[in-house]
Visitor: 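The structure's right below; bear with me while I get my questions together.
Reckoned from all heavy atoms, side chains included, excluding hydrogens, waters and symmetry mates. Below, chains carry the letters A, B, ... as their sequence lines are ordered, and counting in each starts from 1.
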Amino acid sequence: MNTFPENTTAYLIGVDYSGTKKCARLVFYEPKLAKLYAWYGDNHFPYCLTNLSPFELEKISEIMKHPSLKKIELTTKFDAIKNEDITVTKIIVEDPKAIGGGKPRENVRDIIPEMGGGKVWEARIPYSSCYIYDKNIEMGMPYNIVDKKLSRVIYYDAEDRIKQITEKVQMTNDRWVRLCEYPVPEFLRIALDIEVLGAERTRVPDPIKAEYPIVSVCLISNDGKRKILLLLREGIEIGTDEVNANLDFFPTELDLIKTLFEEIKNYPFVITFNGDNFDLPYLYYRAIKLGMVKEDIPIMLTKHGAKIRDAIHIDLYRFFFNRSLRNYAFSGKYKAVALDEIGEALLGKGKLHAHQDIWLATEMRIWTYTQLAKYNCQDGDITLELTTYNENLVMKLIMVLMRISMLSMEDLIRSPISRWILSMLQYEHRRRNYLIPNPDDLILAKGKAVTEAVIKGKKYKGAVVVEPPAGIYFNVDVVDFASLYPSVLKNLNLGYQSIRCEHEECKSNLVPETPHWICQKQKAMEGEIIGLLKDLRVFHYKKLKKDPYYGVVEQAIKVFLNAAYGVFGDEDFDLYCPPVSESVTAMGRHSITSTIEKAKELGIEILYGDTDSIFLKNPTKEQLENLTKWSSQILGLDLEVDKHYRYVCLSARKKNYMGITDNGEIDVKGLTGKKKHTPPIIKGAFNVTKKYFSKAKTPEEVEALKKALKNVILDVYLRIKRRDFELEEMAFNMTLGKSPTAYEKTIPQHVKAAKMLEKLGIYLKKGDSIFFVKCAGKEVKPIQLAKKEDIDITKYHEMLKATFEQILDSLDIEWDSIIGIVKLEQFF
DNA sequence: AGCTTTGGCGACGAGT
DNA sequence: ACTCGTCGCCAA
């Protein structure tokens with residue numbers, strides 16, 4: 001047990017104010033135990049303790065020696081941290097101003113300016129909630145696990161493996177391998193989902209008002225607990241639905257809530273879907289409303305999310321919302337972040353649709369108990385299952401991401417990719433005893449971007465895209481550079497320290513197309529880390545993809561690699577350094593253009609290229625080999641054949657093509673026919689034509705499919721003309737990029753439609769989707785308000801034409817050759 | 001409250 | 001009739 005003796009002396013090393021809660025978190029250090037403690041003002045949450053790594057200890061002891069740092073006397077008892085056996089209740093700060101407000105790093109900077117060489121010094125201590133330092137992997141492990149009898153990881157066979165991999169990938173330090181290889185424990189956890197009466201389909205009840213009763217609570221754990229807590233209400237029948245859970249009935253809501261709090265006590269992890277913004281705040285305010293006192297409610301609401309006392313709260317909504325994860329770890333399988341859609345996409349399990357219909361038709365308040373329980377249970381099941389499916393893939397992914405980013409679980413699942421990378425780099429700074437620069441100083445020292453972007457309003461120039469010639473081309477090889485940008489970062493030794501360094505001798509080491517030079521004397525940590533991760537992925541984990549655990553590791557590394565370059569171009573990133581990001585793209589441009597030239601020199605015809613990929617028309621094996629050899633020798637980049645296409649349809653538009661692989665699979669890129677907003681009737685026709693392309697193998701067969709293609713188009717053309725369709729088929733589906741009220745410069749059509757919906761009492765917000773149709777007279781209508789007769793036939797014909805022209809261009813078919821027949825038909 | 005980047009297409013709004 | 005900007009979606 002961690003004990004903090006009474007009347008001992010500790011050192012206050014930082015104050016972190018929460019502006020909204022008007023409370024301070026004091027971070028202090030007890031030298032005898034070599035431990036960091038943090039205390040939140042009047043909130044009764046023991047902010048768990050962190051043991052310190054040796055380098056942190058050293059750092060802190062330096063700070064401690066400084067005379068301007070006040071000693072803090074810890075005198076009496078604190079309820080706040082009593083259950084940690086720490087008996088302190090009052091911290092006397094001699095002169096609060098000496099410590100000041102704001103973030104710890106600013107404090108220390110103010111107090112000890114010379115330590116930071118002026119302004120560049122960061123002293124935020126990397127303690128994290130609920131963590132215990134683990135020397136095997138040089139990072140924290142969830143602390144609560146120890147208390148709650150969850151078996152810890154046993155480090156038996158990892159060491160040998162680590163050694164082997166480290167040698168194989170030729171690393172001098174095994175730290176990264178260690179982080180990726182250490183096993184992930186099976187976390188004991190419980191899913192929590194509440195149902196509130198009076199919720200409407202279009203509006204979620206306001207948690208702060210908490211005006212409706214909680215009528216049902218679902219608790220499902222991965223150690224077999226399946227409970228539905230139901231509130232007894234007058235006139236409600238038990239019903240006949242079968243529910244795979246124990247139903248417990250409560251005469252009062254207070255009993256129900258108290259039981260819920262008791263139940264979750266035994267679990268170190270509580271899983272919710274949107275618990276940060278709904279379930280937990282609602283529970284909190286509802287409990288207050290029913291007379292409970294703060295101290296008895298194990299929920300703390302913070303700016304960054306809802307916390308649960310002595311537990312780690314995982315809000316899956318926040319986790320799945322992360323754009324990088326959405327795209328790279330889950331390869332865009334779900335678009336909207338809703339339990340329904342994610343469940344469907346990852347588990348093949350949506351909400352109970354039968355019950356949703358009831359929801360729409362009537363209201364939850366007349367459901368029978370079993371109906372309600374079944375609905376609730378399904379949501380709870382999905383929530384838990386999202387963390388258990390595929391051998392706990394999500395928990396493993398979270399753990400690996402934590403280890404790479406050096407973030408705590410609660411922070412990780414709630415923060416964007418830029419924070420992960422920042423944290424990773426901050427850790428690396430601390431580990432190496434480096435100072436962490438301030439963003440302002442960094443810009444001052446390294447300057448802004450100098451290249452001019454192609455797109456107006458962008459900060460610097462990006463990638464090149466080759467103009468494709470329209471037409472069908474057979475036997476096409478697509479080669480691309482493996483992890484181009486991470487490779488560039490590594491090969492050029494790029495980082496904020498190395499770009500535009502101080503040395504005169506380095507100034508001749510220029511990045512192509514830029515005036516920037518790169519240091520040749522010292523290694524940049526960004527290039528090094530990204531390079532290490534890249535090598536680890538390419539040379540090791542990519543081959544092990546099929547193993548469930550290593551597949552996770554591979555995905556996790558990929559997420560970091562993909563974002564690694566971009567963050568340096570993000571103004572809000574603490575290590576924002578435009579010369580770095582524009583050097584990466586400049587070198588990227590140089591790489592692809594010189595490779596294209598080399599290919600031409602070798603006699604290969606180039607059809608298309610985008611950023612890091614080149615389409616080669618029917619190259620010989622020898623030509624290919626020469627090219628890849630040249631690339632690795634001269635550029636130091638791995639050029640590999642990514643795909644072979646039986647044939648490709650190029651439309652003369654950049655980022656728009658269709659490739660048919662040898663086994664008949666079709667890659668559609670950028671074409672309108674596959675876009676999310678395209679009405680189903682057109683998308684459907686597009687998908688039908690894909691089948692024909694899939695079957696064609698020879699130029700003759702492609703020639704032959706033209707007729708079938710024309711028929712499909714004509715068919716849909718006529719269906720539209722005859723109004724032989726369902727309204728749903730005509731709907732455009734668009735997402736509101738902002739709140740409907742926030743559009744000022746122009747009012748796009750989908751926003752107009754959203755505003756019309758408001759008259760029906762349906763209020764859409766940012767991120768919501770709207771379905772609308774185009775009507776006569778340039779009008780639009782949300783699908784709820786439209787009738788079949790409203791549809792503007794001409795508009796949809798234009799849309800059909802525009803969609804298929806992208807393909808017809810490559811086939812050299814005139815639009816009129818298809819609908820010309822129809823015009824004739826009109827006479828009959 | 002939500003945050004990696006730039007390049008490109010198509011549709012439309014809003015002004016000349 | 002024309003241009004230019006805005007918006008959403010997509011490629012990399």
Visitor: Could you give all pairs that pass the side chain to side chain donor-acceptor pair (under 3.5 Å) test and reach residues 460-473 of chain A, with sequence neighbours left out?
Guide: A/Tyr460-A/Tyr565

Visitor: Identify whether any heavy atom of A/Ile747 sits under 4.0 Å from a base atom; if not, whether one sits that close to sugar-phosphate; answer base, sugar-phosphate or nothing.
Guide: sugar-phosphate

Visitor: Pick the nucleotide of DNA chain B nearest each of A/Glu798 and A/Lys461; which residue has the one closer to the 5' end?
Guide: A/Lys461

Visitor: Go through the structure and list residues passing salt bridge (Lys or Arg N to Asp or Glu O under 4.0 Å) with A/Arg653, not counting sequence neighbours.
Guide: A/Asp809

Visitor: So which pairs with a foot in residues 732-754 of chain A pass salt bridge (charged side-chain N to carboxylate O under 4.0 Å, His left out), sequence neighbours left out?
Guide: none

Visitor: Can you tell me how far P of C/dC9 sits from CE of A/Met799, to the nearest Å?
Guide: 12 Å

Visitor: Distances under 3.5 Å between protein N/O atoms and the N/O atoms of nucleotides 4-6 of chain C, please, pair by pair.
Guide:
unit_1: C/dG5; atom_1: OP1; unit_2: A/Lys456; atom_2: NZ; d: 2.7

Visitor: Base, sugar-phosphate, or nothing for A/Pro416, non-hydrogen atoms under 4.0 angstrom?
Guide: base

Visitor: Quick one: label A/Tyr460 by what it contacts on the DNA or RNA (base, sugar-phosphate, nothing), any heavy atom closer than 4.0 Å.
Guide: sugar-phosphate

Visitor: For A/Tyr576, what residues pass the side chain to side chain contact (heavy atoms under 4.5 Å, CB included) criterion, not counting sequence neighbours?
Guide: A/Ile443, A/Lys459, A/Glu571, A/Pro578

Visitor: Check DNA chain C against residues 313-321 of chain A and give the residues with a non-hydrogen atom under 4.0 Å, in numerical order.
Guide: none

Visitor: Which part of the nucleic acid, if any, lies within reach of A/Tyr657 when heavy atoms closer than 4.0 Å are counted: base, sugar-phosphate only, or nothing?
Guide: sugar-phosphate

Visitor: Have a look at A/Val780 and say if it touches a base, only the backbone sugar-phosphate, or nothing, with a 4.0 Å heavy-atom cut-off.
Guide: nothing

Visitor: Assign A/Gly566 to base, sugar-phosphate, or nothing according to its heavy-atom contacts below 4.0 angstrom with the strands shown.
Guide: base

Visitor: Output yes when at least one side-chain N/O atom of A/Lys669 is less than 4.0 Å from OP1 or OP2 of C/dA12, else no.
Guide: yes

Visitor: In whole Å, what is the span from the CD atom of A/Gln749 to the C1' atom of C/dC7?
Guide: 11 Å

Visitor: Please table the atom pairs, donor to acceptor, closer than 3.5 Å between any side-chain atom in residues 766-777 of chain A and protein atoms at least two apart or in another chain.
Guide:
unit_1: A/Asp768; atom_1: OD2; unit_2: A/Lys765; atom_2: N; d: 2.8

Visitor: Give the rounded distance in Å between these two atoms: CZ of A/Arg326 and C1' of C/dC10.
Guide: 14 Å

Visitor: Not counting sequence neighbours, which residues clear side chain to side chain contact (heavy atoms under 4.5 Å, CB included) with A/Asp610? List them please.
Guide: A/Val465, A/Tyr608, A/Ser613, A/Lys655

Visitor: Any chance the side chains of A/Glu410 and A/His304 put a donor and an acceptor closer than 3.5 Å?
Guide: no

Visitor: Enumerate the salt bridge (charged side-chain N to carboxylate O under 4.0 Å, His left out) contacts for residues 666-681 of chain A, please, sequence neighbours excluded, ordered by first and then second residue.
Guide: A/Lys643-A/Asp667

Visitor: Within the structure shown, what part of the strands sits under 4.0 Å from A/Thr585 by heavy-atom distance: base, sugar-phosphate, or nothing?
Guide: nothing

Visitor: First and last nucleotide of DNA chain B in contact with chain A, 5' to 3', at under 4.0 Å to a heavy atom: what are they?
Guide: B/dC3 to B/dA14

Visitor: Classify the nucleic acid contact of A/Ala564 as base, sugar-phosphate or nothing, counting any heavy atom under 4.0 Å across all strands shown.
Guide: nothing

Visitor: Listed by chain and number, what are the salt bridge (Lys or Arg N to Asp or Glu O under 4.0 Å) partners of A/Asp477, not counting sequence neighbours?
Guide: none

Visitor: Ignoring backbone atoms, establish whether A/His750 has a side-chain N or O less than 4.0 Å from OP1 or OP2 of C/dG8.
Guide: yes

Visitor: Just how far, in rounded Å, is C1' of C/dC7 from NE2 of A/His677?
Guide: 11 Å

Visitor: Identify, with sequence neighbours excluded, every residue that meets salt bridge (Lys or Arg N to Asp or Glu O under 4.0 Å) alongside A/Lys781.
Guide: A/Asp790

Visitor: Describe the nucleic acid contact of A/Lys765 in one word from base, sugar-phosphate, nothing, applying a heavy-atom distance below 4.0 Å.
Guide: nothing

Visitor: C/dC9, OP1 or OP2 - any side-chain N/O from A/Lys676 closer than 4.0 Å?
Guide: yes

